[in-house]
Visitor: 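Dropping a structure here in structure tokens format, bear with me for questions.
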Amino acid sequence: MILESRLEELKECLQDQVDLDREKLIVARASGRANIIGEHTDYNQGLVLPIAVDRDVLVAGVVQEGDQVTLHSLDFQDQVSFGLKNIVYDPAHPWANYAKGVVQVFKQKGCTLSGFVAAIQGNIPIGAGMSSSAALEVAVATFLEEAFGLRIDPREVALWCVEAENNFVGVNCGIMDQFASKLGKKDQALFIDCRDHSYEYVPFHLEGHKVLLVDSKLGRDLASTEYNIRRAECEEALNLLKSQLPEVASLREMSLVQLQRMEKKLGEKLAKRVRHVLSENQRVLKAKEALKKGDLGHLGRLLVQSHLSLRGDFEVSCPELDFLVESGLKMEGVLGARMMGGGFGGCTINLVREEAIERIMDELGQGYGRRFGLVPEFYVCEASQGASILKPSK
Ligand code: GLA
């Protein structure tokens with residue numbers, strides 16, 4: 001659906017609720033993300049290189065007197081209302097908890113808010129690993145900033161959204177998704193140092209190539225369980241390492257040589273986890289250079305190495321993702337491919353020649369269907385503007 005029709009639907013929804021003064025209407029949007037490279041590094045204070053994609057969540061609303069907040073979800077055909085003094089997690093309306101969590105954190109940080117009515121709609125596929133929940137959080141946060149005249153460092157806003165997801169929703173994610181959603185820029189990748197939260201834009205010009213996401217259509221509970229297990233393993237490894245190397249504050253600070261010396265102490269499994277984090281950080285740096293030089297062949301090879309490391313050392317891939325990556329790599333026009341995100345489902349990310357896209361989608365779709373009886377979904381993505389305020393025509 002084009003933006004104008006989406007905005008029209010949001011306005012209609014609001015009109016059913018309030019006497020809508022279109023002059024006072026505020027529309028915030030925030031993007032989903034694709035991660036080019038740097039997986040399972042964000043919560044180890046490492047390096048990541050995502051882009052914001054051209055799919056987003058819109059929050060349209062108006063400020064109201066009093067302290068009552070009403071939210072409508074067009075996608076879930078659902079509505080929730082709550083008072084600002086009494087924001088509680090409600091398992092009956094899962095989507096709303098992301099928005100409530102953000103409002104709660106803004107309040108805790110001392111922002112002065114009042115009630116509001118908002119309608120929400122998105123076009124980021126849910127459960128595909130393209131960060132629709134981070135986009136919802138960031139869109140709500142961006143709405144609050146505009147509605148209540150708040151001036152906050154965008155990194156701080158992204159961190160508040162992470163806080164909402166960690167503490168209110170109870171999902172233990174890192175910072176990458178919210179940063180990409182808030183700070184992404186058109187035709188730029190976002191290089192983030194997750195230790196000090198500094199960032200740098202890296203020109204993302206693919207010259208005749210595209211980012212193709214292939215959704216495995218696997219949404220498994222395993223993903224969140226294993227994600228938490230990997231985080232705990234990284235922490236356990238860090239604690240063991242600290243006992244001998246007190247100067248090491250995070251896995252980021254280790255070198256591969258130090259790791260070799262510590263392998264016995266860590267044991268095989270934890271050593272593999274640490275090796276992934278260290279090698280992935282190196283690949284992010286190399287990918288940044290490859291992009292700056294326009295060396296897409298090199299970038300493609302780094303994606304493949306990342307996949308092998310995620311599969312072998314971090315052990316977060318699965319037969320379906322391996323199949324999509326391996327069969328993609330056999331095809332003419334695919335420069336690189338890897339699983340993207342937490343693992344055990346979601347999408348693979350492929351760097352492909354533009355004129356080969358149709359054929360690649362066709363062949364991958366057929367092969368995957370034959371092997372697993374599943375129909376993958378395809379998304380061709382552009383590096384796009386992150387969160388913004390829209391000025392809809394009246
Ligand atoms: C999920 C989390 C991110 C990041 C990735 C793995 O998408 O939300 O913070 O940890 O997994 O790289």
Side-chain angles (χ1 to χ4, degrees), residues 30-53 98 101 124-138 155 158-184 189-195 197 199 213 215-216 218-235 250-252 273-274 276-281 283-284 287 302-303 306-307 309-311 313-318 321 338-349 381:
S31 322
R33 65 102 186 91
N35 189 19
I36 304 305
I37 197 160
E39 223 62 90
H40 289 278
T41 46
D42 61 351
Y43 56 83
N44 287 305
Q45 304 198 18
L47 308 172
V48 291
L49 190 64
I51 56 172
V53 296
Y98 295 91
I124 307 168
I126 291 167
M130 291 167 70
S131 299
S132 57
S133 36
L136 171 55
E137 292 154 7
V138 173
R155 285 181 287 196
L159 290 172
W160 291 5
C161 291
V162 177
E163 213 172 304
E165 183 148 348
N166 291 169
N167 301 339
F168 192 89
V169 184
V171 174
N172 210 6
C173 62
I175 69 160
M176 168 171 66
D177 309 343
Q178 290 78 359
F179 266 64
S181 179
K182 185 70 182 166
L183 287 155
L190 182 67
F191 171 80
I192 312 166
D193 183 330
C194 302
R195 180 167 56 188
H197 303 150
Y199 60 93
L213 303 187
D215 184 355
S216 65
L218 291 177
R220 289 182 179 164
D221 290 343
L222 192 62
S224 55
T225 325
E226 290 292 324
Y227 186 85
N228 289 336
I229 293 174
R230 292 303 176 282
R231 283 194 73 143
E233 286 169 349
C234 289
E235 261 167 52
S250 71
L251 295 187
R252 160 75 176 284
R273 305 295 186 254
V274 178
H276 165 73
V277 175
L278 302 188
S279 64
E280 187 77 349
N281 282 333
R283 283 186 288 273
V284 175
L302 291 165
L303 296 192
S306 170
H307 183 75
S309 177
L310 287 159
R311 186 184 78 185
D313 280 347
F314 218 66
E315 297 181 285
V316 286
S317 191
C318 59
L321 293 173
R338 64 175 195 85
M339 54 150 281
M340 185 181 85
F344 299 102
C347 291
T348 62
I349 179 167
C381 296

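Note that ligands are numbered from 1 as they come in the structure, with each ligand's atoms numbered from 1 the same way.
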Visitor: Is there side-chain contact between R230 and Y43, with at least one heavy-atom pair below 4.5 Å?
Guide: yes

Visitor: Any side-chain heavy atom of I349 sitting closer than 4.5 Å to one from R338?
Guide: yes

Visitor: May I have the step-by-step check of side-chain contact (heavy atoms from CB on, under 4.5 Å) for R155 and Y199, ending in yes or no?
Guide: CA-CA 10 Å; R155 285 181 287 196; Y199 60 93; 3.6 Å; yes

Visitor: May I ask you to identify the nearest protein heavy atom to atom 8 (O) of ligand 1, giving residue, atom name and distance to one decimal place in Å?
Guide: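 For this ligand atom, the closest protein heavy atom is D177 OD2, 2.6 Å.
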
Visitor: Is R33 close enough to touch ligand 1? Criterion: a residue heavy atom under 4.0 Å from a ligand atom.
Guide: yes

Visitor: Output yes when R231 and E235 qualify as a salt bridge under the 4.0 Å nitrogen-oxygen rule, no when they do not.
Guide: no

Visitor: With only distance considered, is N35 within less than 3.5 Å of ligand 1 through an N or O on each side?
Guide: no

Visitor: Using a 4.0 Å cut-off to any heavy atom of Y43, which atoms of ligand 1 qualify?
Guide: 10 (O)

Visitor: Under 4.0 Å from a heavy atom of H40: give me the atoms of ligand 1 that qualify, with their elements.
Guide: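 Reading through ligand 1 atom by atom, the close ones are 6 (C), 12 (O).
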
Visitor: Output the list of atoms in ligand 1 that are nearer than 4.0 Å to some heavy atom of G342, sorted by atom number.
Guide: 11 (O)

Visitor: Rounded to the nearest 0.5 Å, what separates atom CG in D177 from atom OG in S133?
Guide: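 Going from CG on D177 over to OG on S133, the span is 7.5 Å.
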
Visitor: For atom 10 (O) of ligand 1, what is the nearest protein heavy atom, given as residue, atom name and distance?
Guide: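 Answer, as residue, atom name and distance: Y227 OH, 2.6 Å.
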
Visitor: Is the closest side-chain heavy-atom distance between E163 and L159 below 4.5 Å?
Guide: no

Visitor: Taking atom 3 (C) of ligand 1 as the point of reference, which of V48, V162, V171, D42 owns the nearest heavy atom?
Guide: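 Residue with the shortest heavy-atom distance to the ligand atom: D42.
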
Visitor: Do any nitrogen or oxygen atoms of C173 lie less than 3.5 angstrom from nitrogen or oxygen atoms of ligand 1?
Guide: no

Visitor: Can you list the ligand 1 atoms lying under 4.0 Å from a non-hydrogen atom of G174?
Guide: 9 (O)

Visitor: Going by side-chain contact (heavy atoms from CB on, under 4.5 Å), name the residues that satisfy it together with T348, two or more places apart in sequence or in a different chain.
Guide: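 So T348 forms a side-chain contact (heavy atoms from CB on, under 4.5 Å) with V214, L321, L324, V325, N350.
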
